[in-house]
Amino acid sequence: MTNKEERSAGCVLRLFGVPEQTVQKAVAALPDTWQGTVHCRTRGAETLVALQSSIPQQLHRAVQLLRTSLAPALYGEGEQTLAAAAVQALEQHRKLLVCSDAAAGTLLETRLENLPGAEKVFDFGAMSYANAALTARLSRKLRKAPQAEPARTLARVQVMQRLTGAALAVGCAELPQSRLLLVGGKKGCWLRCVSPDENPGLWLLDMLRRAACGLPQAGGTNWQPYGRAVPDAALTPAALAAAPPAPPRPKRRRLGRVLAVLLLLALAALAAGWYYTGGDLAALPQKLQSLGAESLPHAGARLV
């Protein structure tokens with residue numbers, strides 16, 4: 001083994017729900033200074049990108065560039081699993097997850113049961129679909145809901161989310177040639193149709209991870225607001241594939257708005273001072289002192 005091989009370092013990036021062509025394009029966009037090697041391997045919806053270089057700085061730079069360009073699909077590095085990444089995302093963002101039906105529970109429970117921290121973010125059915133008292137309330141709430149699938153599953157996810165107060169509720173509807181996966185939040189639901197050979201459990205984990213982090217969903221996943229009437233035909237796999245992509249969850253920008261208001265107030269004060277002093281802002285403190293200084297309260301004064 002040569003000294004160069006001994007000094008080589010590597011990294012494996014794990015992606016899910018991104019087309020292989022997109023990954024190849026991101027790799028091809030690495031700068032010309034990159035002298036390492038990149039190998040991509042795709043299996044189903046998952047892609048592994050292995051990078052290796054004899055120069056640690058180059059490796060670090062290439063990894064950072066790929067992390068940026070492939071951010072929504074990147075769920076981990078090394079040996080991290082998608083299930084562990086989903087639990088980590090739920091825990092970091094303080095999101096509680098429940099299942100609205102046993103079909104969704106079957107897809108998730110075996111993948112999450114042995115993961116550290118999973119019990120903090122997932123009830124394993126105890127407070128949702130496997131709870132007799134809650135399912136009785138759920139049945140009463142669904143009396144007026146559509147009976148046909150998958151519209152009924154959509155209604156069940158919405159009601160379960162409201163009854164439990166969980167941040168995210170998931171459901172699964174069996175369709176003739178596919179499964180409809182649903183991840184519901186406060187205002188709506190993400191929908192995705194997958195065939196049985198596409199590993200629905202992994203797709204559901206990726207939808208949950210992205211929803212918890214506020215990331216855009218993978219192409220082919222769509223958004224359905226609650227309270228909007230949707231015909232059963234609109235929830236077929238063909239209709240979902242033709243629908244526009246799901247928008248990313250809007251991020252709160254309260255701090256930005258507050259800073260903008262403060263900036264406007266500061267500019268207004270600056271303009272007023274400029275006008276009052278005739279452009280000589282250095283004289284502003286003296287003019288303010290001379291303006292009604294006698295009438296300002298002083299030590300020992302009493303306000304009437």
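These numbers come from a predicted model, not from an experiment.
Under the 4.5 Å side-chain heavy-atom criterion for Ile, Leu, Val, Met, Phe, Trp and Tyr, Leu70 and Leu215 are members of distinct hydrophobic clusters. Linking ILVMFWY residues whenever their side-chain heavy atoms come closer than 4.5 Å, directly or via other members, places Leu30 and Leu74 in the same cluster. Transitive grouping of hydrophobic side chains (ILVMFWY, heavy atoms separated by less than 4.5 Å) brings Leu142 and Leu134 into a common cluster. Under the 4.5 Å side-chain contact rule for hydrophobic residues, Leu13 and Val27 share a cluster. Connection of Tyr129 to Val121 is not established within any shared hydrophobic cluster, with ILVMFWY side chains joined at heavy-atom distances below 4.5 Å, either directly or through further cluster members.
Note that the CG atom of Leu48 and the CZ atom of Arg41 stand 5.5 Å from one another [nearest 0.5 Å]. Atom OG in Ser195 sits 10.0 Å away from atom CD in Gln177 (nearest 0.5 Å). Here Leu15 contributes atom CG and Arg67 contributes atom CZ; the two are 10.0 Å apart, rounded to the nearest 0.5 Å. If you take OG1 on Thr106 and CZ on Arg111, they are separated by 10.5 Å, rounding to the nearest 0.5 Å. In this structure, CD in Glu91 is found 13.0 Å from CG in Leu97, a value given to the nearest 0.5 Å.
The side-chain tip of Arg192 points at the ring of Trp203 from less than 6.0 angstrom away and within 45° of straight on.
In this structure, the side chain of Asn131 does not engage the main chain of Gly125 through any donor-acceptor pair within 3.5 Å. Between the side chain of Thr81 and the backbone N or O of Ala84 there is at least one donor-acceptor pair closer than 3.5 Å. Within the 3.5 Å criterion, the main-chain N or O of Gly171 finds no donor-acceptor partner in the side chain of Asp101. Between the side chain of Arg137 and the main chain of Ala133, no donor-acceptor pair closer than 3.5 Å is present. One N or O on the side chain of Arg210 and one on the backbone of Pro216 form a donor-acceptor pair closer than 3.5 Å. In this structure, the side chain of Ser178 does not engage the main chain of Leu175 through any donor-acceptor pair within 3.5 Å. Between the side chain of Gln224 and the backbone N or O of Leu191, no donor-acceptor pair lies under 3.5 Å. Using modelled atom types, no side-chain atom of Thr22 and backbone atom of Val18 make a donor-acceptor pair closer than 3.5 Å. Without hydrogens or angle criteria, Gln58 side chain to Gln35 main chain gives a donor-acceptor distance under 3.5 Å.
Shortest non-hydrogen contact noted between Ser128 and Asp123 is OG-OD2, 2.9 Å. Smallest separation of non-hydrogen atoms from Gln217 and Trp190: CG-CD1, 3.4 Å. Ala85 and Arg209 get closest at one heavy-atom pair: CB-CD, 4.0 Å. When every heavy atom of Gln161 is checked against every heavy atom of Ala169, the shortest pair comes out as CB-CB, 3.8 Å.
Between Cys172 and Thr153 there is no side-chain heavy-atom pair separated by less than 4.5 Å. In this structure, Leu181 and Pro200 have side chains that are in contact, with non-hydrogen atoms separated by less than 4.5 Å. Counting only heavy atoms from C-beta outward, the side chains of Leu59 and Ile55 never approach each other to under 4.5 Å. Side-chain contact between Cys189 and Gln158 is absent, with no heavy atoms from C-beta onward closer than 4.5 Å. Residues Ser100 and Val170 fail the side-chain proximity criterion, which asks for heavy atoms closer than 4.5 Å. Counting heavy atoms from C-beta outward, Gln80 and Gln88 have side chains that approach closer than 4.5 Å. Residues Leu108 and Leu204 form a side-chain contact, since some pair of their non-hydrogen atoms from C-beta on lies under 4.5 Å apart.
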As a quick check of understanding, evaluate side-chain contact (heavy atoms from CB on, under 4.5 Å) for Leu163 and Leu138, giving each step before the final call.
CA-CA 8 Å; Leu163 288 177; Leu138 180 67; 4.2 Å; yes
For Trp34 and Ser53, what are the C-alpha separation, side-chain angles and deciding distance, and is it a side-chain contact (heavy atoms from CB on, under 4.5 Å)?
CA-CA 8 Å; Trp34 166 250; Ser53 175; 3.7 Å; yes
Working note: Met160 + Thr164, criterion side-chain contact (heavy atoms from CB on, under 4.5 Å); need CA distance, chi angles, decisive distance, verdict.
CA-CA 6 Å; Met160 182 63 78; Thr164 60; 3.6 Å; yes
Run Val49 and Val12 through side-chain contact (heavy atoms from CB on, under 4.5 Å) and show every step you take.
CA-CA 6 Å; Val49 181; Val12 176; over 6 Å; no
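In Glu79, the CD atom is not crowded: 12 or fewer heavy atoms of neighbouring residues, nucleotides or ligands sit closer than 6.0 Å.
Salt bridge Glu77/Arg14: absent, no basic N to carboxylate O contact under 4.0 Å.
If you run side chain to side chain contact (heavy atoms under 4.5 Å, CB included) between Phe122 and each of Leu208, Leu168, Leu115, Leu112, only Leu112 comes through.
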